[in-house]
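Presented below is the structure to which this report refers.
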There are 2 protein chains.
Amino acid sequence: MNDVARQAGVSLKTVSRVVNGETTVDPALAARVREAVASLGYRPNLGASLLRRADQRTGTIGLLLPDLVSPFSAALHRAIDAEVTRRGAQVLSGNVGHDPARERDLAETFARQHADGLIITPVAARQSHLAPDIPAVFVDRRARGWPADTVLATNHAGAKQAVEHLQRHGHRRIAYIGTMPGARRHGYRRAMAAAGLVKVERNDPEQALLEAPTALFTESRTVTVAAIRALQAAGMQRRVALVGFDDFPLADLLDPGITVVAQDPVAMGRAAARALFERIAGGTAEPRVISIPTTLIARGSGEVAIRGS
Amino acid sequence: MNDVARQAGVSLKTVSRVVNGETTVDPALAARVREAVASLGYRPNLGASLLRRADQRTGTIGLLLPDLVSPFSAALHRAIDAEVTRRGAQVLSGNVGHDPARERDLAETFARQHADGLIITPVAARQSHLAPDIPAVFVDRRARGWPADTVLATNHAGAKQAVEHLQRHGHRRIAYIGTMPGARRHGYRRAMAAAGLVKVERNDPEQALLEAPTALFTESRTVTVAAIRALQAAGMQRRVALVGFDDFPLADLLDPGITVVAQDPVAMGRAAARALFERIAGGTAEPRVISIPTTLIARGSGEVAIRGS
DNA sequence: CTGAAAGCGCTAACAG
DNA sequence: CTGTTAGCGCTTTCAG
């Protein structure tokens, strides 16, 4: 900045004013400064600037996702990106890879880089260890040990939709396939029990099929695809019904098309970004849980009627 | 840091040594410092540290992708992430959304945050405007106007694989469907011409089908999926052959399975990360183009024989 | 509208 | 092994 000042024939402070877009600078001087900036390839030093600056905002939001490869994460990312960009800020994202240590390291990195806030799909059981004293919002999984807003799909209602749909097609013996702990699975259990159905619970679709269920309900995209493969391998894709939690690309092009309870990642991402900006702006209300409804999309696999009925 | 020093009863410099992991500190003092750090919730100021530090490394790599949602980008991301993490650094990524202005802004942001290097899948026609005087490597599209290493799939060879495969199954009249300009499409043209085939070139699969080709070659995942939909809608998925460039999830579960020329995003990502670390370490060789081979994966759609043959 | 001086939090270079 | 001093690049405060 000193070099720029020298070349433009002004004081350092005037350069600072121009670089920061203050309007109280003589246009002729400002032009000379901008010229010098361009010719010297000057780039302001963010860290030095932040050292003294009153307003500590950097216009940067950190996003931590367990697995950037999943279609759900990707859609969430895009929605958050759109909302954050619309407000003139930027999203930088980090891939946690389901590793709590990396979750902590990335949160720490964002905090050291003075991100204005964090949006996190947590992978660790408790989040207290990463508390980086900057505004944060959780998405898709409830945060524990660290009060913050949380945006969730309404899993319990989603499970209810799936189970009642299968029940309407005559099914009584339904296998739940998945590995997820806690609240989400609990939602499925409650839905099954409430409907008075026989429940088979397994991690592996092939094992589940041995128990002769007439319908499958799968907990995530990964498990849904595994179930499709197992059904096709056994030639049973038209004899056992299947409803998956979470939509995925090409679900409509398979044969039969896969019926899913779709989350709404666009609404979830937008809600998370909005909640975060409220926190950044200084909102100090109690931590909220924001629920986003799910939708059942019938495509064929969930409408396979029970055998012999 | 001053507060920590006071509480631990040592000088500021000793705190600095402990925080930076220097080993020349009395263990008892170091323990006292760490205790004070924890109790005060002290977090070092990266910007201030960098201001004076000789080694300007931050252990951070910036990754710019045109669209984080695409499976290819996601796979690339994961591979880069793995290689960078293995070397003890972190990847922060930004979604460019095919917008040259955002590409520039994100590169600028990473530069200001002192990223050690950049990996970019460029979207702008020329990259000279974003040249952020830090080491950079391009992936998946050749960089123009800014000499840097580039990692590419061997498109020309990939097109040859596809065309020869279709030719072997009796096809002479092949539609190329895609919108991509420049080198990649050029590769397809050359491959077609070299094989002496009749080429129909269209953006839209439905239009292409009107020209009665016996086989389709699609340029990207998006176009491949559009072609699958068009073929299924016309009931022609077993009468017209299809080979797609770039593999995608569930391609094997469709009926027929979709034959593709698969890129190798894992190898591409690893090569890009390695090239970048060489540049960061000070390698000053001429800009290279690193080619990663493609593989034809036969799944059914590309082996549909020509009608009546 | 412009500039001079002080100091943000930290590390390099040098003593002890 | 530990401490002192100077100064990184910038913005603040305050005086012209």
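A note on names: the letters A, B, ... follow the listed sequences, proteins ahead of strands, and every chain is numbered from 1.
For the pair A/Gln56 CD and D/dT12 P, the interatomic distance rounds to 10 Å; values are reported in whole Å. We find that CG of B/Asn20 is positioned 8 Å from P of C/dA12, with the value rounded to whole Å. Between A/Arg17 atom CZ and C/dC1 atom P there is a gap of 11 Å when expressed in whole angstrom units. Across the protein-nucleic acid pair, B/Asp55 atom CG and D/dC8 atom P stand 19 Å apart, rounded to whole Å. Look at CZ on B/Arg53: it is 11 Å from C1' on C/dA12, rounded to the nearest Å. When the P atom of D/dA6 is taken as reference, atom CG of B/Leu51 falls 18 Å away, rounded to whole Å. Protein atom CZ of B/Arg32 is 14 Å distant from nucleotide atom C1' of D/dC1, rounded to whole Å. A straight line from CE of A/Met1 to C1' of C/dA5 spans 16 Å, rounded to a whole angstrom.
A residue-by-residue look at B/Val15 and A/Pro27 shows that A/Pro27 has its nearest nucleotide of DNA chain C further toward the 5' end.
Using a 4.0 Å cut-off, no side-chain N or O of A/Asn2 falls inside it from OP1 or OP2 of D/dG9. Close to C/dC10, at under 4.0 Å from its OP1 or OP2, lies no side-chain N or O of B/Ser49. Look at A/Ser16 and you won't find any side-chain N or O under 4.0 angstrom from OP1 or OP2 of D/dC10. Phosphate contact (OP1/OP2 of D/dT2, side-chain N/O of B/Ser11, threshold under 4.0 Å): absent. Taking only side-chain nitrogens and oxygens, B/Thr14 comes nearer than 4.0 Å to OP1 or OP2 of D/dG3.
Closest approach of B/Leu68 to A/Ser93, counting heavy atoms only: CD1-OG, 4.3 Å.
The CG atom of B/Leu63 sits 7.0 Å away from the CG atom of B/Leu76 when rounded to the nearest 0.5 Å. Note that the CD atom of B/Gln7 and the CZ atom of B/Arg32 stand 11.0 Å from one another [nearest 0.5 Å]. A/Asp149 contributes atom CG, which lies 4.0 Å from atom CZ of A/Arg279 (distance to the nearest 0.5 angstrom).
The side chain of B/Lys13 has D/dT4 as its nearest neighbour among C/dC1, D/dC1, D/dT4. If you check C/dA4, D/dT12, C/dC10 against the side chain of A/Arg52, the one that comes closest is D/dT12. Distance from the side chain of B/Asp26 is smallest for D/dC1 among the nucleotides C/dA12, D/dC1, D/dT11.
Residue-level contact check: B/Leu29 touches the backbone only, with heavy atoms under 4.0 Å from sugar-phosphate atoms and none from bases.
Using modelled atom types and a 3.5 Å distance limit, the side chains of B/Gln90 and A/Thr109 yield a donor-acceptor pair.
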